[in-house]
Amino acid sequence: KFQKWQLALIAIGVLLIAGVTGLHLYSHPTQIGSGKYTHAAKFDNALIIDGIDVSYAQGDGASHNWNQVKRSGVDFVFIRAGYRDSSKGKLHADSEFKENIQGARKAGLMVGIYFYSQATTKKEAREDAKDCKLGWAWWLMPVTPALWEPAELKERKAKRDQEVSDVLTGKSDKFLVIIGPCSADNEDSVCDYAERLIKVQEKTADRLIIIPRVYTNKPRTTGEGYKGMLHQPDPEKKPDMHEGLIAIRKMHMRVFAETGFPTADEMLYPENMTYLDDIMSYVAIGARSVENQQHRLTASGCDVAVGMKNPTSGDLSVMLNSVVAAQQGHDFTYRGWEVKSGGNPLAHTILRGAVNKHGQCIPNYHFEDLVLLQELYAKRSLDNSACIVDTNHSNSNKHYEQQVRIASEVLHSRQVDPELHSMVKGLMIESYIEPGNQKIGGNHIYGKSITDACLGWDESEKLLYTIAENC
């Protein structure tokens, strides 16, 4: 039984709730959908969709009638993937996650995932975010016959990162090959290409570490032309960067999930690194970005290998200064946060050729160029004197078929000079399914570059085996 004063407080509480609800309804008079909800009038012209939150609390996921859920007017389902318990701080999977997400997707519902964090420290919060991003986000991909499960992919990524690190630090004598299209313009053909690398990697595993190029940003000298999938997920449609961000992560994830290969991409926009950094084992900074301070500082906070290309002018000191900056720790701002980096000892150089004042291409892959770089490295106190040679761009004067010859010459230089053998750690090759390139539109040829011309698969496969024999 309640005392009178308790009844009075309850009555006051009920009146307050009724008053607040009335004011809310008065200020949000517009009805939507079935009339169950209200919203501010400023959203009258917005697309409003209904969704539900589902977890183990709703019972056995396999018994849910997801088709009925969809017919009831639900548009999307936000599904709990896992949680951190509040007592011991351990991470757990939601017991019904797999059944819930598979059932919802089969019914044609849009799905999203969340991780119920009860983190009490910054370290735990970072762990929760990373676990959700890498451990669970794979379920948002289209259903494909993946060769690797999520837990295996985490181990695969860590293993590959270590293998690349061992090459750059001299602990391993394996040779890096970063190979793939100039621009990753089509998800299906890019994944098709990456799958072809599996067999080659298996046969050359004792000599090569193959990393597929999945380049989704295309720097343009004049700002004109196709800027990559980030800008235009469909090259024949107008730019859409929101859809582009979704498309590039989806493609990187699909390559990784279907092949087991962590990827490589160019850091054109440093602020976008967090969209892909859990999938990539190699990052390149291009000739037009290498002098930019934010690129250098961001590279200093990366935990994977970052290659710095020489600028288009060919000035090797600019490239080496970038490596010096990236190998040091810094305090700087990143996406609105003040951050502190510890320095990246895996920052290294990439020789890609140069262009002189007359617009002529000047290669820098010859024996004498490599010796000069080795001498410049010796004058600086840098960790790991390492170099990758880009066989295309100004080194080939964009004659893509010359990449085979250039690769052969670089391998010969390594063979005749022990110091160069130690410094030159790999090659970067532009390659796709079909040789050459094509213009956007018209009768599009599957697997043929729409930007710089690339080697075709047949030539690329032979080249990879040749590199394995001679590196």
Side-chain angles (χ1 to χ4, degrees), residues 134 153-180 194 197 201 207-217 252 255-256 260-268 270 272-287 289-290 292 295-310 319-330 341-352 373 377 380 382-391 410 422-430 467 471:
L134 182 55
L153 287 167
K154 294 174 88 171
E155 295 177 6
R156 177 73 176 174
K157 170 72 163 60
K159 181 181 178 182
R160 185 60 105 190
D161 289 351
Q162 187 60 54
E163 289 173 340
V164 174
S165 174
D166 287 347
V167 171
L168 295 174
T169 57
K171 296 179 182 178
S172 168
D173 64 352
K174 290 185 179 181
F175 198 67
L176 299 177
V177 183
I178 301 97
I179 185 169
L197 295 172
Q201 178 65 98
R207 301 299 304 138
L208 302 183
I209 295 176
I210 297 174
I211 306 174
R213 280 175 55 112
V214 184
Y215 275 34
T216 55
N217 308 283
H252 274 267
V255 169
F256 192 11
F261 285 124
T263 57
D265 203 343
E266 179 173 340
M267 187 200 297
L268 185 58
N272 290 347
M273 275 295 296
T274 53
Y275 293 114
L276 300 173
D277 62 355
D278 58 328
I279 309 172
M280 297 187 295
S281 281
Y282 190 89
V283 179
I285 294 181
S289 305
V290 72
N292 181 272
H295 284 79
R296 295 176 173 187
L297 300 183
T298 302
S300 74
C302 293
D303 56 4
V304 298
V306 179
M308 306 286 196
K309 288 194 174 185
N310 62 263
M319 173 180 66
L320 285 162
N321 288 342
S322 292
V323 175
V324 172
Q327 289 193 0
Q328 299 179 54
H330 300 277
S341 67
N344 184 355
L346 302 180
H348 59 279
T349 59
I350 302 175
L351 295 176
R352 50 87 70 199
L373 178 60
Y377 256 126
R380 290 168 166 79
L382 286 167
D383 294 327
N384 313 315
S385 299
C387 169
I388 303 290
V389 176
D390 181 343
T391 60
V410 172
S422 175
M423 182 187 74
V424 179
K425 303 293 188 180
L427 295 170
M428 185 173 285
I429 302 167
E430 292 197 325
I467 293 170
C471 65

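All heavy atoms count here, side chains included; hydrogens, waters and symmetry mates do not.
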Inset, instruction - Determine whether Asn310 and Leu320 make a side-chain contact, defined as any pair of heavy atoms from C-beta on separated by less than 4.5 Å. - result: no
Inset, instruction - Any chance you could measure Gln328, atom CD, to Leu382, atom CG, to the nearest 0.5 Å? - result: 9.0 Å
Legend entry - Flag side-chain contact, heavy atom, 4.5 Å: Asn217 against Asp265: yes
Inset, instruction - Find the distance between CD1 (Ile178) and CD1 (Ile429) and round it off to the nearest 0.5 Å. - result: 9.0 Å
Legend entry - Stepwise salt bridge (Lys or Arg N to Asp or Glu O under 4.0 Å) check, Lys157 with Asp278: CA-CA 8 Å; Lys157 170 72 163 60; Asp278 58 328; over 6 Å; no
Inset, instruction - Output, in order, the C-alpha distance, side-chain angles, deciding distance and verdict of side chain to side chain contact (heavy atoms under 4.5 Å, CB included) for Arg380 and Val323. - result: CA-CA 10 Å; Arg380 290 168 166 79; Val323 175; over 6 Å; no
Inset, instruction - Ignoring hydrogens and angles, tell me if any N or O in the side chain of Gln327 forms a donor-acceptor pair with the backbone of Ala347 under 3.5 Å. - result: yes
Legend entry - Asn344 side, atom CG; His330 side, atom NE2 - distance, nearest 0.5 Å: 10.5 Å
Legend entry - Any side-chain heavy-atom pair of Leu427 and Val410 under 4.5 Å: yes
Inset, instruction - Show your working on side chain to side chain contact (heavy atoms under 4.5 Å, CB included) between Glu163 and Val167 and close with a plain yes or no. - result: CA-CA 6 Å; Glu163 289 173 340; Val167 171; 5.9 Å; no
Legend entry - Asn384 side chain vs Pro345 backbone, donor-acceptor pair below 3.5 Å: yes
Legend entry - Met428 side chain near Val389 side chain, heavy-atom distance below 4.5 Å: no
Legend entry - Whether His252 side chain and Val214 backbone form a donor-acceptor pair below 3.5 Å: yes
Inset, instruction - Kindly indicate whether the side chain of Leu176, heavy atoms from C-beta on, has any atom under 4.5 Å from the side chain of Ile210. - result: no
Inset, instruction - State whether the side chain of Ser289 and the backbone N or O of Ile285 hold a donor-acceptor pair below 3.5 Å, judged by distance alone. - result: no
Inset, instruction - Tell me, with the steps shown, if Phe175 and Ile209 meet side chain to side chain contact (heavy atoms under 4.5 Å, CB included). - result: CA-CA 6 Å; Phe175 198 67; Ile209 295 176; over 6 Å; no
Legend entry - Contact check, side chains of Thr349 and Met308, non-hydrogen atoms, under 4.5 Å: no
Inset, instruction - Kindly compute the distance separating CZ (Arg352) from OG1 (Thr391), expressed to the nearest 0.5 Å. - result: 12.0 Å
Inset, instruction - Quick one: do Leu297 and Ser341 satisfy side chain to side chain contact (heavy atoms under 4.5 Å, CB included)? Show the steps, please. - result: CA-CA 8 Å; Leu297 300 183; Ser341 67; over 6 Å; no
Legend entry - Met319 side chain near Ser322 side chain, heavy-atom distance below 4.5 Å: no
Legend entry - Flag, side chain of Arg213 to backbone of Ile179, donor-acceptor distance under 3.5 Å: no
Inset, instruction - Could you tell me the separation between the SG atom of Cys471 and the CG atom of Leu208, rounded to the nearest 0.5 Å? - result: 5.5 Å
Inset, instruction - Examine distances only and state if a side-chain atom of Ser281 and a backbone atom of Thr263 form a donor-acceptor pair shorter than 3.5 Å. - result: no
Legend entry - His295 side chain to Met267 backbone, donor-acceptor under 3.5 Å: yes
Legend entry - Between CE on residue Met423 and CG on residue Leu373, distance to nearest 0.5 Å: 4.5 Å
Legend entry - Backbone of Val306 reached by a side-chain donor or acceptor of Tyr282 within 3.5 Å: no
Inset, instruction - Say whether, by atom type as modelled, one donor and one acceptor occur between the side chain of Lys171 and the main chain of Leu168 under 3.5 angstrom. - result: no
